[in-house]
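Notes to accompany the following structure.
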Amino acid sequence: MGRDNKMSLTMKVLVGMGLGIALGLAINLSGLNQPGGVVQQWFVDGLFLVAGKMFVNALKMLVVPLVFFSLICGVCGIGDIRVLGRVGGRSFMLYLLTTAIAIATAIAIAASAGIGSGMNQVSEASFTAKAAPPLSEVLIAIIPTNPIGAMARGDMLPIIFFSILLGVSILMVGRKARPVVVGAEIANEIMMKMVTLVMAVAPYAVFALIARSMANLGLELLAQLAGYVVVLVGALLLHLFVTLMLVLKVFSGLSPRLFLRKIRNAQVFAFSTASSNATIPVTYRTVTERMGVDSSVASFTIPFGATINMDGTAIMQGVATVFIANVYNVDLGLGGYLTVILMSVLASIGTAGVPGVGLIMLSMVFTQVGLPIEGIGLILGVDRLMDMIRTAVNVSGDAVVTCIVAKSEGKLDEAVYNDPEAGQLLVDEAVRLDEEAEAELARTVEAVRK
Ligand code: ASP
């Protein structure tokens, strides 16, 4: 095994990310990102686009079967419907709580920094709001009329609902259904193997994704909106490193230092894809294999969190509301801000973790408190980069709540959590067949030939 192969995958992904940032910025700053230019056409919108999109597709491809099989195994593994109710209730409360804290601190920070005041210019960029679904519709849509349809569309809440109900029914049928449970367990293991296969190409894909984003980002805009960007990034980092880590420590007693070290991989995937949903396979692998959370808990809390828990997005909404209110000289007052908090928390439940969805939620909040929707046009230019950062915070929140709930249920293996190396993938490991599996494969092929 060469030296290179001993490098952990996380390390290699981080290197890919660093190189991607450097190359992308170089392209952006040197003006090579002009439309029609060779670099833009062949690399940024060619190679990087194709490689990045293929990788994101591969991640998304894993989500539905992984959630489906792991939830069936999870429900059958718990074996007690009351425990399932408890896991659901606790994670729901914690998700709401962390989101509410997130947006409240964001508003407080942004308001005391006074961002946007005196900036009366109107942006050229225009934003047309897409409607966010009303709560009644969200509730109705939890029950799928056609489970296959929900899976085909990748609608997370109906898939979760159907899989849980299926798991419960399997449990109730009892012994006769045992082969189905075993089948689901095998299918789950196969899906996890597929996750490691896809992750093996992550360093290159992350490089392509980030290089493209950075090359396309309007850096001048970043400077123009410096107040907004600095306060938003500050609030996001504060939430990640202080609030969430305090919540983790207080509710579970687990080490924040180890958590931050192990969550890095999922954060990088979230950062490069800007989608909590697409990151589900990596977050799930991280909490189960790196942090020791039993899959019976993680199979539920991770997809659930990716759909309803968006701390980072809520923070963006808080900061953006204060910013736009100041730009347009609107005084929202305490009542207005309380409405913003409530709306953001509710909006995060109804919208899925996909790129850019935060803006849709923001337009819903603005309508409610009477801020001009076209104000969103002002922050549009920097939203992609902000989306990347807030998505990393979103998935970190999902993992924190998962650890807390697992610990409270006695479903967290602390020996695994406390082992810094546990579950770490080495670069060549993901694609390696172990000798036993290889021999087995050879025997099977031989048998088929005969
Ligand atoms: N991209 C975010 C996520 O997937 C949602 C958003 O803030 O737009 O979690």
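Note that ligands are numbered from 1 as they come in the structure, with each ligand's atoms numbered from 1 the same way. FYI, the numbering just counts along the sequence from 1.
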| task | Please test Val13 against Arg264 for side chain to side chain contact (heavy atoms under 4.5 Å, CB included), starting from the C-alpha separation and ending with a verdict. | result | CA-CA 10 Å; Val13 171; Arg264 238 176 3 206; over 6 Å; no
| Salt bridge or not for Asp383 and Arg390, using N-O below 4.0 Å? | yes
| query | Relative to the ring of Tyr228, is the ring of Phe323 parallel (under 30°), tilted (30 to 60°) or perpendicular (over 60°)? | reply |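 It falls in the tilted class, 30° to 60°.
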| Pairs flagged by salt bridge (charged side-chain N to carboxylate O under 4.0 Å, His left out) wherever residues 90-111 is involved - sequence neighbours left out | Arg90-Glu409
| Regarding Thr339 and Gln368, is there a side-chain donor-to-acceptor distance under 3.5 Å anywhere? | no
| Donor on one side chain, acceptor on other, Gln424 and Thr10, under 3.5 Å | no
| note | Residues with a heavy atom under 4.0 Å from ligand 1, by chain and number, are Ala274, Ser275, Ser276, Thr313, Gly353, Val354, Pro355, Gly356, Val357, Gly358, Asp387, Arg390, Thr391, Asn394
